[in-house]
Asker: 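For reference, the structure I am asking about is given below.
Letters A, B, ... are given to chains in the order of the sequence lines, protein chains preceding strands, and every chain is numbered from 1.
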Number of protein chains: 2
Amino acid sequence: MTAFIDETTNVLRRTPQVLRALLAGLPESWTDTTDVPENGWRPHDVVGHLITGELTDWIDRTQRILEHGTDMPFDKFERFAHEDRDADATLDDLVEHFARLRAENLARLDELVSDEDLDRRGMHPSLGEVTLRELLATWAVHDLDHVSQIYAGMAGSHDAEVGPWKAYLGILLRRDDPAAVAG
Amino acid sequence: MTAFIDETTNVLRRTPQVLRALLAGLPESWTDTTDVPENGWRPHDVVGHLITGELTDWIDRTQRILEHGTDMPFDKFERFAHEDRDADATLDDLVEHFARLRAENLARLDELVSDEDLDRRGMHPSLGEVTLRELLATWAVHDLDHVSQIYAGMAGSHDAEVGPWKAYLGILLRRDDPAAVAG
């Protein structure tokens with residue numbers, strides 16, 4: 001296993017543990033607020049979206065690259081697939097579902113990909129040619145991007161409670177104005 | 001213990017566990033980048049800053065409110081105290097130091113504060129009058145704000161590796177332009 005694959009899966013393996021540490025049993029007073037006020041996502045939506053990636057995106061695209069190269073573009077990532085699918089699941093259920101899928105997918109990745117595959121190319125339906133290396137790096141950074149949304153939602157749930165300290169808390173100021181700078 | 005104290009300490013208790021799950025033993029390729037390109041903080045700086053809060057801020061201010069009310073303003077939060085203090089510590093050392101301090105401070109909080117104290121007031125040196133309830137909510141949201149910076153730095157370390165996918169990754173786009181919107 002190359003340093004690249006090892007270091008990328010190192011982060012991918014952590015995400016379920018981080019989500020458990022952050023969310024398992026967390027009171028709803030912290031989890032019922034969206035990351036941004038308009039069209040934002042609650043932690044429940046974020047974990048659902050991460051589940052969609054495990055179900056239909058990352059490993060499917062890896063296989064597409066290995067089997068078809070640039071000849072067959074990837075399927076689109078269904079960004080709102082979680083809305084109907086997960087409507088009745090609790091947040092804790094979703095975290096455990098995600099953890100199972102992630103473990104299965106990392107085992108699949110280990111079977112499928114080795115060092116010499118990383119420069120193989122696939123075809124993104126909008127972005128054009130991409131490499132398997134870029135796909136795997138994106139898988140990890142996509143985790144970081146979306147887990148960050150959970151932090152913004154959790155902070156937002158206590159926007160009023162911090163009183164005048166809001167002026168110093170960039171995570172709250174940016175929910176109202178993305179370019180805001182904390183005092 | 002009120003719901004408020006219970007729900008606030010619920011988040012405060014998680015932060016060391018989240019930092020361990022995210023950072024313990026993480027390769028330097030993920031941890032050596034700042035959250036924003038100019039004057040940003042690496043994860044090492046962020047955890048150092050959280051340690052400063054435990055050493056000098058949150059419990060000290062709680063005691064100041066309980067003992068002096070609004071008569072004696074809080075000391076200022078030394079935002080860069082970590083720079084000299086932690087220069088030789090590893091990131092893993094800092095996470096464990098933070099975990100010990102946080103556990104001690106939550107035990108202190110439990111001894112010091114009960115329901116009927118939450119509306120007691122103190123004097124912030126810049127913000128003016130604040131309540132103990134606001135201080136405790138800020139302690140938790142301050143954790144969320146700074147742990148978010150760790151995510152931005154980790155993502156930023158792989159800004160180049162994701163290739164064209166950067167256009168979809170808000171966490172990377174916002175490092176260059178805070179008002180950027182992912183495609």
Side-chain angles (χ1 to χ4, degrees), chain A residues 3-4 6-8 10-11 14 17-23 25-27 29-30 77 124 126-131 133-138 140-142 144-149 151-152 154-155 158-172 174 177-183, chain B residues 3-4 6-8 10-11 14 17-23 25-27 29-30 77 124 126-131 133-138 140-142 144-149 151-152 154-155 158-172 174 177-183:
Chain A
F4 176 82
D6 196 27
E7 291 180 4
T8 305
N10 190 309
V11 165
R14 288 168 192 265
Q17 301 169 29
V18 168
L19 292 177
R20 280 193 190 113
L22 187 63
L23 297 176
L26 188 65
S29 59
W30 286 105
F77 197 135
H124 188 283
S126 308
L127 298 171
E129 282 198 19
V130 290
T131 66
R133 186 191 307 270
E134 289 165 348
L135 176 69
L136 300 183
T138 299
V141 176
H142 181 266
L144 300 172
D145 198 0
H146 287 291
V147 179
S148 277
Q149 285 184 292
Y151 281 84
M154 287 176 63
H158 283 56
D159 183 275
E161 279 83 348
V162 302
W165 265 291
K166 179 169 175 174
Y168 294 164
L169 294 165
I171 197 169
L172 293 179
R174 288 188 295 271
D177 171 6
V181 177
Chain B
F4 176 81
D6 197 27
E7 292 180 3
T8 305
N10 191 309
V11 164
R14 290 167 190 265
Q17 300 169 30
V18 168
L19 292 178
R20 279 194 191 113
L22 187 63
L23 297 176
L26 188 65
S29 58
W30 286 105
F77 197 134
H124 188 283
S126 308
L127 299 171
E129 282 199 20
V130 290
T131 66
R133 186 190 307 268
E134 290 165 347
L135 176 69
L136 300 183
T138 300
V141 175
H142 181 267
L144 300 172
D145 198 359
H146 287 290
V147 179
S148 277
Q149 285 183 292
Y151 281 83
M154 286 177 63
H158 283 56
D159 184 276
E161 279 82 348
V162 302
W165 265 291
K166 179 169 174 173
Y168 294 165
L169 293 164
I171 197 169
L172 293 179
R174 287 188 296 271
D177 171 7
V181 176

Asker: Given side chain to side chain contact (heavy atoms under 4.5 Å, CB included), test A/Leu136 with A/Phe4 step by step and report yes or no.
Answerer: CA-CA 9 Å; A/Leu136 300 183; A/Phe4 176 82; 4.1 Å; yes

Asker: Is B/His124 close to chain A through its backbone or its side chain, or both, or neither, when contacts mean heavy atoms under 4.5 Å?
Answerer: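 Side chain only.
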
Asker: Taking A/Thr8, A/Thr131, A/Leu135, A/Val181 one by one, which has the highest count of heavy-atom pairs under 4.5 Å against chain B?
Answerer: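 Highest number of pairs under 4.5 Å: A/Leu135.
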
Asker: Pick whichever of A/Ala180, A/Pro178, A/Gly183 has the most heavy-atom pairs under 4.5 Å with chain B.
Answerer: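 Of the options given, most contacts go to A/Pro178.
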
Asker: Roughly how far, to the nearest 0.5 Å, is the OH atom of B/Tyr168 from the CG atom of A/Leu127?
Answerer: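 Rounded to the nearest 0.5 Å, the CG-OH separation comes to 4.0 Å.
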
Asker: Given heavy-atom pairs under 4.5 angstrom as the criterion, report whether the side chain, backbone, both or neither of B/Arg174 touches chain A.
Answerer: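 Only the side chain of B/Arg174 comes within 4.5 Å of chain A.
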
Asker: Between A/Phe77 and A/His142, is a side chain to side chain contact (heavy atoms under 4.5 Å, CB included) present by the stated rule, with each step listed?
Answerer: CA-CA 12 Å; A/Phe77 197 135; A/His142 181 266; 4.2 Å; yes

Asker: For residues 158-165 of chain A, dump all side-chain donor-acceptor pairs below 3.5 Å to protein atoms at least two apart in sequence or in another chain.
Answerer:
residue  : atom : partner  : partner atom : Å
A/Asp159 : OD1  : A/Lys166 : NZ           : 3.2
A/Asp159 : OD2  : A/Lys166 : NZ           : 2.8

Asker: Return the minimal non-hydrogen interatomic distance between B/Ile171 and A/Ser148, and the atom names on each side.
Answerer: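 What the structure gives for the nearest pair is CD1-OG, 3.4 Å.
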
Asker: Please flag which part of B/Gln149 lies under 4.5 Å from any non-hydrogen atom of chain A: side chain, backbone, both or neither.
Answerer: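 Looking at B/Gln149, nothing touches chain A.
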
Asker: Could you check which of B/Ser29, B/Gly128, B/Ser126 has the highest count of heavy-atom pairs closer than 4.5 Å to chain A?
Answerer: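 Looking at each option in turn, the highest pair count goes to B/Ser29.
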
Asker: Please round to the nearest 0.5 Å and tell me the distance separating atom CE of A/Met154 and atom CG of B/Asp145.
Answerer: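 Rounded to the nearest 0.5 Å, the CE-CG separation comes to 12.5 Å.
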
Asker: Using a cut-off of under 4.5 Å for heavy-atom pairs, which of B/Ala179, B/Gly170, B/Ala167, B/Ala182 has the most such pairs with chain A?
Answerer: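 Most pairs with chain A among the choices: B/Gly170.
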
